[in-house]
Amino acid sequence: MAKRYWLVKSEPDVYSIEDLERDGRTHWEGVRNYQARNFLREMKRGDRVLFYHSSTTPPGVAGIAEVVREAYPDPTAWDPKSDYHDPASTPENPRWFMVDVGFVERFPEPVPLPLLKEQEALEGMELLRKGSRLSVQPVSKEHFDHVVALGRRKRR
DNA sequence: GCCAACGTTGGC
DNA sequence: GCCAACGTTGGC
């Protein structure tokens, strides 16, 4: 099975690429959208992941992570004290899943969303679709490589 | 199954 | 803080 490419969103106030660099790896818990969950479950060990910072000024792609553990039940769903608590999910019948991701690379500075929007090469990318809110999404290899090249390039 | 009301995401 | 674009809930 060929390696696949993804993008995940995080508010850096909650968890940033700097946090991932410090921690080395983390649980990607708290996904509570069925489409996003289904993509999580398709992730394979070794797949590469663009790490996107949302709700920043500007938002942008901050670096690269990789899948280090494939999907397994998200225990925060049945923790009443968790922000992600969902009583409909139980250990016997889990509804929500998470993966573990590892740190790969932090760009010198995030690739800002306005720059991504200028790229003809990124036409059709889910992230750039108007109104797109999906927090876990597949990315084509071509789009992934283009974003990484922008991330590594010296800007300004 | 329809759809109004409501809640959330996330750019601006 | 505003609001567009969703997704979910629940009455019918």
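Chain identifiers are assigned alphabetically (A, B, ...) following the order of the sequence lines, protein sequences preceding nucleic acid strands; residue numbering begins at 1 within each chain.
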**Asked** Taking NZ from A:K9 and P from B:dT9, how many angstroms apart are they, rounded to a whole number?
**Response** 11 Å

**Request:** Kindly say if A:K130 contacts the phosphate of C:dA5, meaning a side-chain N or O under 4.0 Å from OP1 or OP2.
**Result:** yes

**Request:** Quickly work out the A:H53 NE2 to B:dC12 P distance and round it to whole Å.
**Result:** 17 Å

**Message:** Using whole Å, what does the distance between atom P of nucleotide B:dT9 and atom CG of A:N33 come to?
**Reply:** 10 Å

**Asked** Side-chain contact, heavy-atom cut-off 4.5 Å: A:T56 with A:P12?
**Response** yes

**Prompt:** Atom OH of A:Y34 and atom C1' of B:dT8: how far apart are they, to the nearest Å?
**Reply:** 15 Å

**Prompt:** Which part of the nucleic acid does A:R32 contact within heavy-atom distance under 4.0 Å: base, sugar-phosphate only, or nothing?
**Reply:** nothing

**Complete:** Taking B:dG11, B:dT9, C:dT8 as options, the one with an atom nearest any side-chain atom of A:R133 is B:dT9

**Message:** Would you say that A:V148 contacts A:V61 through its side chain, given a criterion of any heavy-atom pair below 4.5 Å between the two side chains?
**Reply:** no

**Message:** Expressed as a whole number of angstroms, how long is the span from A:K117:NZ to B:dG10:P?
**Reply:** 14 Å

**Asked** In whole angstrom, what separates A:L134's CG from C:dG7's P?
**Response** 9 Å

**Atom-to-atom span, CG of A:D13 to C1' of B:dT9 - whole angstrom** = 15 Å

**Request:** Kindly say if A:Y84 contacts the phosphate of B:dT8, meaning a side-chain N or O under 4.0 Å from OP1 or OP2.
**Result:** no

**Fill in**
When rounded to whole Å, the CG to P distance for the pair A:D86 and B:dT8 reads 13 Å

**Request:** Kindly state whether the ring of A:W96 and the ring of A:Y34 have centres lying under 6.0 angstrom apart.
**Result:** yes

**Prompt:** Does a donor on one side chain sit under 3.5 Å from an acceptor on the other, for A:Y72 and A:H27?
**Reply:** yes

